[in-house]
Amino acid sequence: MAGAATNNGAGRGRPGYDLDSLLRTAVKVFHERGYDGTSMEDLAKRLGITKSAIYYHVSSKQELLRMSVDRALDALFAVLDEPESLEGPAIDRLHHVVRRSVEVLVDELPFVTLLLRVRGNSKVERQALARRREFDHLVGELVAEAERAGSLRLDLDPALTSRLLFGMVNSVIEWYRPRQGLTKEEIAEAVTTIAFEGLKRHD
């Protein structure tokens, strides 16, 4: 199993090689060549190892995809389990979920980018899309709760509000690049300020 291999796989292939570096390289090549256009031979060449060293950790390219998108999804779902997402007024919980989702996106940028670009062309992708819909549904319920509490406008559909909120969050993948001077906290602050307070100046 791949999980068991992570503990002693560093002895295979080049020094320092492990499952995390394999996943990060695989995701980078998937972005460059497309998932369908990437072969295990391509990954082996990029890593400077043999294909058998890759198979020591994973059974297939599809498993690499599954582990990569699950990394992003698991991090997002973990946000929903944080105490600040579970306790207090709905509007405060929603604010926390949006803020932390931005931070997850920045921390796991390559993996979240891959997740947001899957199209359901395989079983793994369809499973990822199903989990994304589940996440969206849970956030939509939180938006609806905030509306019922009188903290948000009542003339907007909660599901639409949720999609628009996370449309803004997810757009960060299109322009954010590490080392360009913005911290994840600054980006999260900007997104939540615009989302919850708007752009209009209040004198």
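Heavy atoms only: backbone and side chains are in, while hydrogens, waters and symmetry mates are out. As the structure is a computational prediction, the values presented were derived from the model and not from experiment.
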Give every residue pair that meets the side-chain hydrogen bond (donor to acceptor under 3.5 Å, both in side chains) criterion with at least one member in [range], sequence neighbours excluded.
range	result
residues 161-174	none
residues 139-150	R93-E145, H137-E141
residues 99-118	R71-E108, E82-R100, R99-E189, R100-E103, D107-K184

Looking only at heavy atoms, which two atoms of [X] and [Y] are closest? And how far apart?
X	Y	value
A72	L115	CB-CD2, 3.9 Å
L43	L64	CD1-CD1, 3.4 Å
S85	L80	CB-O, 3.6 Å
M40	V58	CE-CG2, 4.4 Å
G37	D42	O-OD2, 3.6 Å

Please answer: with hydrophobic residues joined when any side-chain heavy atoms are less than 4.5 Å apart, are [X] and [Y] in the same cluster?
X	Y	answer
V169	L156	no
L154	I91	no
V143	L86	no

Please determine if R132 and E125 form a salt bridge, counting it only when a charged side-chain N lies under 4.0 Å from a carboxylate O.
no
Please determine whether a side-chain nitrogen of the Lys or Arg among D136 and R131 lies less than 4.0 Å from a carboxylate oxygen of the Asp or Glu.
no
Take the angle between the ring planes of F77 and F135 and call it parallel below 30°, perpendicular above 60°, tilted in between.
perpendicular
Can you find a pair of side-chain heavy atoms, one from V139 and one from L94, that are under 4.5 Å apart?
yes
Going by side-chain heavy atoms closer than 4.5 Å, which hydrophobic residues are tied to L160, directly or by a chain of links?
L164
Does the K61 side chain pair with the main chain of S39, one donor and one acceptor, at a distance under 3.5 Å?
no
Backbone N or O of D18 within a donor-acceptor pair of the S21 side chain at under 3.5 Å?
yes
My understanding is that only residues two or more places apart in sequence, or in another chain, count here; which of them pass side-chain hydrogen bond (donor to acceptor under 3.5 Å, both in side chains) with R24?
D20
Suppose we screen for side-chain hydrogen bond (donor to acceptor under 3.5 Å, both in side chains). Which residues come up paired with S59, at least two apart in sequence or across chains?
E63
Interatomic distance, L165 atom CG to F196 atom CZ [nearest 0.5 angstrom]:
5.5 Å
